[in-house]
Amino acid sequence: MLEMDLREALRRQQLRLHYQPQIDLNSGRLCGIEALARWFHPQLGDIPPSRFVPLAEECGLAGELDRWALEEACRQLAAWREAGLEPVTVSVNLSPLSIHDTELPTRIADILRRHALAPAALNLEITQEALLGSNPGSLNTLRAVQAMGIGLTVDNFGTGQSCLGYLRHLPIRALKLDRSFVRDLEHDEATRALSEVAMHIGDSLRIAVFAEGVENEEQRRLLTNRGYQVVQGFLLSQPLSADQLSPWLARRWPDR
């Protein structure tokens, strides 16, 4: 039944995107925003992404969900720019199915063109699991996307199967330390050591490393001491609806 409802929600465009700011710890300035899918079911209430995203992948709706998120995020970014509010980039999460799709670069180019956005305005977040797939066209797709000027970030870095061997061959711009590492920073010495390893990997490959799930000042302090510059999390802002983000930006940067 939930699968049928998800199909209907996508058809009727009943899903929404919320946006979580990504902040530079040194300057306090906005670096970008991550678009996060949200689903409010008329009978069941809020359905968490941890439930409906895997469901979309299981029932073949992941590609449709990704296309909707790309379209909506770019539409909203264009609207913000029209209103004079200009986040640096918007990041959209993509499923492994989309990474395997050879038509992805063409679809993205069409979306950017229709909303009059430069490729640099868009960043794509992909999981380690997507990189470990056996589809031989995935790397070509990622390289084509990168050649357009679109950023690529490996999400949930440090969890699941290792993809270290892939990193030197991938055209990625950043790694995002998984929130599970950030959560345990204060209490676990091994986690602190692994967070330092992640930063060293980024430095060695000359790519950025940033963290998600930052919820308190001690986590921010520990990350700053380990060289992390860009973070996101409830300490800085919870995910906000498009209507909520505009006044948030205006309050934080009144000169915008």
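Looking at Arg16, its side chain does come within 3.5 Å of a backbone N or O of Gln13 through a donor-acceptor pair. No donor-acceptor pair under 3.5 Å is formed between the side chain of Thr153 and the backbone N or O of Asp155. At distances below 3.5 Å, at least one donor-acceptor pair connects side-chain atoms of Tyr228 with backbone N or O atoms of Ser195. At least one donor-acceptor pair under 3.5 Å links the side chain of Gln244 to the backbone N or O of Ser241.
Counting heavy atoms from C-beta outward, Met199 and Val209 have side chains that approach closer than 4.5 Å. Between Ser98 and Arg67 there is no side-chain heavy-atom pair separated by less than 4.5 Å. Residues Thr141 and Pro105 form a side-chain contact, since some pair of their non-hydrogen atoms from C-beta on lies under 4.5 Å apart. Taking the side chain as every heavy atom from C-beta outward, Trp39 and Leu6 approach each other to under 4.5 Å. Contact of the Glu186 side chain with the Asn216 side chain is registered, since non-hydrogen atoms from C-beta on lie closer than 4.5 Å. Side chains of Thr102 and Asn140 form no contact here, defined as non-hydrogen atoms less than 4.5 Å apart. Met4 is not listed as a side-chain neighbour of Glu8, based on a closest heavy-atom distance of 4.5 Å or more.
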Indicate every side-chain donor-acceptor pair of residues 47-58 with a distance under 3.5 Å to a residue at least two apart or in another chain.
none

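Taking Arg114 as the reference, Glu71, Asp110 meet the side-chain hydrogen bond (donor to acceptor under 3.5 Å, both in side chains) condition, with sequence neighbours excluded. Residues satisfying the side chain to side chain contact (heavy atoms under 4.5 Å, CB included) test with Leu235, not counting sequence neighbours, are Val214, Glu217, Arg220. With sequence neighbours excluded, the residues forming a side chain to side chain contact (heavy atoms under 4.5 Å, CB included) with Gln146 are Leu152, Pro171, listed by chain and number. Under the side chain to side chain contact (heavy atoms under 4.5 Å, CB included) criterion, Thr106 pairs with Glu103, not counting sequence neighbours. Every residue meeting the side-chain hydrogen bond (donor to acceptor under 3.5 Å, both in side chains) condition with Ser95, not counting sequence neighbours, appears here in chain and number order: Asp66. The ring pair (Phe, Tyr, Trp, His ring centres under 6.0 Å) search around His200 returns none, not counting sequence neighbours. For the salt bridge (charged side-chain N to carboxylate O under 4.0 Å, His left out) test, no residue two or more places apart in sequence or in another chain qualifies with Arg192. Under the rule for a side chain to side chain contact (heavy atoms under 4.5 Å, CB included), the partners of Ala109 that lie at least two apart in sequence or sit in another chain are Met148.
In plain terms, the two heavy atoms of Ala211 and Val182 that are nearest each other are CB-CG2, 3.9 Å. The minimum heavy-atom distance between Gly151 and Arg173, with the atom names listed, is CA-CZ, 3.4 Å. Closest approach of Pro21 and Gln238 over heavy atoms only: CD-O, 4.3 Å. Looking at every heavy atom in both residues, Leu112 comes nearest to Pro119 through CD1-CA, 3.7 Å. The two residues Ala198 and Leu177 have their closest heavy-atom pair at CB-CD1, 4.0 Å. Contact detail for Arg221 and Glu218: the closest heavy-atom pair is NH2-OE2, 2.6 Å.
Taken together through direct or relayed side-chain contacts under 4.5 Å among Ile, Leu, Val, Met, Phe, Trp and Tyr, Leu44 and Leu61 form part of one hydrophobic cluster. By the criterion of side-chain heavy atoms lying less than 4.5 angstrom apart, applied directly or through intervening Ile, Leu, Val, Met, Phe, Trp or Tyr residues, Leu97 is not grouped with Leu139; the two fall into different hydrophobic clusters. Under the 4.5 Å side-chain heavy-atom criterion for grouping Ile, Leu, Val, Met, Phe, Trp and Tyr, Ile172 is connected to Val197 within one hydrophobic cluster.
Atom CG in Asp101 sits 10.0 Å away from atom OG in Ser138 (nearest 0.5 Å). Between the CG atom of Leu65 and the CG atom of Leu15 there is a distance of 6.5 Å, given to the nearest 0.5 Å. For the atom pair Glu189 CD and Asp184 CG, the distance stands at 13.5 Å (nearest 0.5 Å). In this structure, the separation between CG on Leu117 and CD1 on Ile111 is 10.5 Å, given to the nearest 0.5 Å. Rounding to the nearest 0.5 angstrom, the gap separating the CG atom in Leu124 from the CD1 atom in Ile108 is 4.5 Å. Separation of atoms CG (Leu194) and CZ (Arg226) is listed at 11.0 Å; rounding is to 0.5 Å.
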Please lay out, stage by stage, how Leu17 and Leu36 fare under the test side-chain contact (heavy atoms from CB on, under 4.5 Å). CA-CA 5 Å; Leu17 288 180; Leu36 300 163; 6.0 Å; no
Report the C-alpha separation of Leu185 and Leu223 in whole Å, then their side-chain angles, then the decisive distance to 0.1 Å, and conclude whether the side-chain contact (heavy atoms from CB on, under 4.5 Å) test is met. CA-CA 9 Å; Leu185 274 175; Leu223 289 168; 3.6 Å; yes
Give the intermediate values and the outcome of side-chain hydrogen bond (donor to acceptor under 3.5 Å, both in side chains) for residues Asn123 and Thr89. CA-CA 7 Å; Asn123 185 74; Thr89 61; over 6 Å; no
One pair to check against side-chain contact (heavy atoms from CB on, under 4.5 Å): Ile201 and Ile207. What are the steps and the verdict? CA-CA 8 Å; Ile201 291 172; Ile207 55 179; 5.8 Å; no
Checking His41 against Asp5 for the side-chain hydrogen bond (donor to acceptor under 3.5 Å, both in side chains) test, could you report, in this order, the C-alpha distance in whole Å, the side-chain angles of both residues, the deciding distance, and whether it holds? CA-CA 8 Å; His41 192 284; Asp5 290 346; 2.7 Å; yes
Using the side-chain contact (heavy atoms from CB on, under 4.5 Å) rule, take Leu142 and Ile99 through it: C-alpha gap first, then chi angles, then the decisive distance, then the call. CA-CA 7 Å; Leu142 292 176; Ile99 301 305; 3.9 Å; yes
Residues Arg75, Glu72; criterion salt bridge (charged side-chain N to carboxylate O under 4.0 Å, His left out); working and verdict: CA-CA 5 Å; Arg75 182 202 66 78; Glu72 177 59 18; 2.7 Å; yes
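If you check the side chains of Glu125 and Asn156, you find no donor sitting under 3.5 Å from an acceptor. Of the N and O atoms on the side chains of Gln20 and Glu34, not one donor lies less than 3.5 Å from an acceptor on the other residue. Side chains of Ser180 and Asp178: a donor on one and an acceptor on the other come within 3.5 Å.
In this structure, Phe210 belongs to a hydrophobic cluster whose other members, linked by side-chain heavy atoms under 4.5 Å apart, are Val230.
For residues 1-29, the ring pair (Phe, Tyr, Trp, His ring centres under 6.0 Å) pairs, not counting sequence neighbours, are Tyr19-Trp80. For the salt bridge (charged side-chain N to carboxylate O under 4.0 Å, His left out) condition, the pairs that include at least one residue of residues 198-215, sequence neighbours left out, are Lys176-Glu212, Arg179-Glu212.
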